[in-house]
2 protein chains.
Amino acid sequence: MARSPANLSYRDIKQVVLDRIQTGLWSPDSILPSEADLAVEFSSTRTTVNRALRELAEEGYLERKRKAGTRVLKSPIRKAQFSIPLVRDEITATGAAYRYSLVDRKVQAAPSWLAARLDLKRGQEVLYLRCMHYADNAPFQLEVRWIVPDVLSEVLEESFEHSGPNDWLVSRVPFTNLELSFLATKANGEIAEFLDAPLGDPVFTAERITWLQGAPVTYAKLYFAPGYRMTTHL
Amino acid sequence: MARSPANLSYRDIKQVVLDRIQTGLWSPDSILPSEADLAVEFSSTRTTVNRALRELAEEGYLERKRKAGTRVLKSPIRKAQFSIPLVRDEITATGAAYRYSLVDRKVQAAPSWLAARLDLKRGQEVLYLRCMHYADNAPFQLEVRWIVPDVLSEVLEESFEHSGPNDWLVSRVPFTNLELSFLATKANGEIAEFLDAPLGDPVFTAERITWLQGAPVTYAKLYFAPGYRMTTHL
DNA sequence: TAGTGGTCTAGACCACCCG
DNA sequence: GGGTGGTCTAGACCACTAT
C-alpha cells in the first residue's frame, strides 16, 4: 500500500495536540480522548500516540494518569533549562577570545565551613584554586574552587597553570550528582578587583557542588563580572 | 512461559548503561555497542534498548548519530531544570504562610524601553502592576509587571486586589514562548524599602517575558528578598 | 554504500486506580 | 470492575552519514 501523505509522525501528532491546547480547543483541566481514540482519529497506532503524549507530558503540558486519562495542565510546569556550559565555551560562543589565568593554588586543610558543607573529615586536605576567565581580556568570571583529592588523587599533580580545573574535571569525572545555586552577592575588595567592579556592587554568583557516587568531589563558587545575566528561552 | 526475573525493562537498561558510564567501563568519548548488539546482550529488543539510550541522550549522557553510533559525552551537558514555580507555591512549600498585597495598579502608555523590548506600537496602552509577596509576613518578593491587554482585554477588568496577576495569567494564557533571565541588581530606594533590605545591597532578580503565538503578553521583573537563592539538584 | 539510529506498526499483557 | 496509560515484543522500512 502506498504511504499516504497523511501519515502522521509522532512529531506531527505532538504539534496538532499542542495547537489544540494553545488555541483553547482543549482547555486547561479538560480530559483528552484516550490514546486508543486518538490513534483512530490520526490513523496511527497507540504506540505512536503514546510517544507524542508522553513527550508533551514530560514537557509539562499534560498530566497523565492510568484510568483517569490525560489532562491539560492549568499552568504548564515548563522547566527552564540552563545548560551550565563550560566557561570557555560560553565565551567563545560569543565570538570573544578566551583567556585563562591561574591566581592561586595550594593544598590546605578544608576550612570548617567547607568540611561541614561537604561532610568531610576534620582536617581533610583539599586543593584550593582561584582562577580568572577573561573574554577579550575583560574580566568575565572569577572561579574559586576546592577539590577533594580523595577520589581523585591525580588532581594533586595537576598544576592548572594553563587550563582550568573545570576542563580537567569534566573530562575525567562522570559526576553522579550536582547541586547548583544562583544568588546575588556583594563584591568585596578582592572580588571587586578581579572583576574590575565597583566595591560593594552586586555580583551574580553561581555555587556548584558535585558528588561522585555519594562522595563529594568539588565545591566551586563562580563570580560573574557586572552585567552578566543567565538567560534561557523556551 | 514464566517471566524470567532477568527480564529487563528500559529502566533497568538505563541503569546498567549509566553504571557502566559512571564506573568508567565505558569512558568519555568511547562508542557504545550498537542497539542491536545491546538488545542481544540484554535479551531484549531494539525498541526497548532504543528507549533507554534515547532517554540517556536526552539527559545529556550520550550523543547519538546515525551510522556513527552512540558516544559517551565527555562533559555531561546536564541540564539544570528550574521549575519556575508560582510564588505562592514556593512559599507555602516551605511551610510559611503566604500573603499577597497589591501596591500599584494603573493603565498607562508603555514606557519606550518596554515598547522597544516587546516590540509594541508607540503609545500602546499597558497595564502596570506592582505587588508584594510575603512569607510569614516577611517580604519575599517584589513583583513589577506590565501586561499587554491586546490579546487579553479581560485583564483590564481585573482588580488584582486579592490575588496576583501570576495566578490569573497562568490559568488563562497558554503561553507559547518564554524568556527567562536571572541577574543581580542593586537595591534602589524603593526596592530596598519594600524588601526591607539595606540600600544598595545586591538583590537577586528574575526577568520574565512571555509571548502568545508571537504576540507579547507580559513582562515581569521579580526582586527577591536578601538571602534568596535559586537552587536545583540533579 | 553499508551500518547505525529513527520511527512506525500491530498486537499483547499488565498495573494502576477511579467510580 | 473495567478503562486507561505503561511497557514490551517482533518485525519492518527509512534517513542519515562516516568511510
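Below, chains carry the letters A, B, ... as their sequence lines are ordered, and counting in each starts from 1.
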Subject >> Salt bridge flag under 4.0 Å for residues Arg105(B) and Glu161(B) >> reply: no
Original post:
Which whole-number value in Å describes the distance from Lys65(B) NZ to dT19(D) P?
Top reply: 10 Å
**OP:** Determine the stems involving DNA chain C; a stem requires 3 or more consecutive pairs of the Watson-Crick or G-U wobble kind, each with both distances below 3.5 Å, and the answer is none if no such run exists.
**Re:** C:1-18 with D:1-18
Original post:
Arg46(A) side chain: which of dT9(C), dG6(D), dT7(C) is closest?
Top reply: dG6(D)
Original post:
Any side-chain N or O of Thr70(B) less than 4.0 Å from the OP1 or OP2 oxygen of dT4(C)?
Top reply: no
**OP:** Would you mind telling me which residue lines up with the more 5' stretch of DNA chain C, Thr48(A) or Ser34(B), judged by nearest nucleotide?
**Re:** Ser34(B)
Original post:
Tyr98(B) and His133(B): side-chain donor and acceptor closer than 3.5 Å?
Top reply: yes
**OP:** Give Arg11(A) one of three labels, base, sugar-phosphate or nothing, depending on what nucleic acid heavy atoms sit under 4.0 Å from its own.
**Re:** sugar-phosphate
**OP:** Please state how far atom CD1 in Ile31(A) lies from atom C1' in dT4(D), giving the value in whole angstrom units.
**Re:** 11 Å
**OP:** Kindly say if Ser44(B) contacts the phosphate of dT9(D), meaning a side-chain N or O under 4.0 Å from OP1 or OP2.
**Re:** yes
Subject >> Nucleotide dT9(C), atom P - distance to CG of Leu38(A) in whole Å >> reply: 14 Å
Original post:
Considering heavy-atom distances to DNA chain C, does Lys67(A) or Thr45(A) have its closest nucleotide positioned more toward the 5' end?
Top reply: Thr45(A)
Subject >> Atom-pair distance (CD on Glu55(A); C1' on dG5(D)), nearest Å >> reply: 16 Å
**OP:** Could you check how far NZ of Lys14(A) sits from C1' of dT7(C), rounded to whole Å?
**Re:** 14 Å
Subject >> Selected nucleotide, minimal atom distance to Ala68(A) side chain, candidates dT9(C), dA18(D), dC18(C) >> reply: dC18(C)
**OP:** Answer with base, sugar-phosphate or nothing: what part of the nucleic acid does Thr47(B) contact at a heavy-atom distance below 4.0 Å?
**Re:** base
Subject >> Side-chain N or O of Arg64(A) closer than 4.0 Å to phosphate OP1/OP2 of dT4(D) >> reply: no
**OP:** Give a yes or no on whether the ring-centroid distance for Tyr228(A) and Phe204(A) is below 6.0 angstrom.
**Re:** yes
Original post:
How are the rings of Trp168(A) and Phe160(A) set relative to one another: parallel (under 30°), tilted (30 to 60°) or perpendicular (over 60°)?
Top reply: perpendicular
**OP:** Return no unless some side-chain N or O of Asn50(B) is found under 4.0 Å from OP1 or OP2 of dG6(C).
**Re:** yes
**OP:** Dump the intermediate steps for side-chain hydrogen bond (donor to acceptor under 3.5 Å, both in side chains) on Tyr10(A) and Arg51(A), then the final yes or no.
**Re:** CA-CA 6 Å; Tyr10(A) 81 95; Arg51(A) 177 157 181 196; 3.2 Å; yes
Subject >> Under the side-chain contact (heavy atoms from CB on, under 4.5 Å) test, residues paired with Asp19(B) that sit two or more places apart >> reply: Gln15(B)
Original post:
Looking just at side-chain N and O atoms, do Tyr223(B) and Glu143(B) make a donor-acceptor pair shorter than 3.5 Å?
Top reply: no
Original post:
Arg66(A) has an atom CZ; how far is it from atom C1' of dG3(D), in whole Å?
Top reply: 12 Å
Original post:
Does OP1 or OP2 of dC8(C) have a side-chain N or O of Tyr10(A) closer than 4.0 Å?
Top reply: no
**OP:** Whole angstrom is fine here: how far is it from CD in Glu35(B) over to C1' in dG11(D)?
**Re:** 15 Å
Subject >> side-chain hydrogen bond (donor to acceptor under 3.5 Å, both in side chains) involving Glu35(A) - partner list, sequence neighbours excluded >> reply: Arg46(A), Asn50(A), Arg64(A)
**OP:** Can you tell me the distance, in whole Å, between the CG atom of Leu32(A) and the C1' atom of dG5(D)?
**Re:** 13 Å
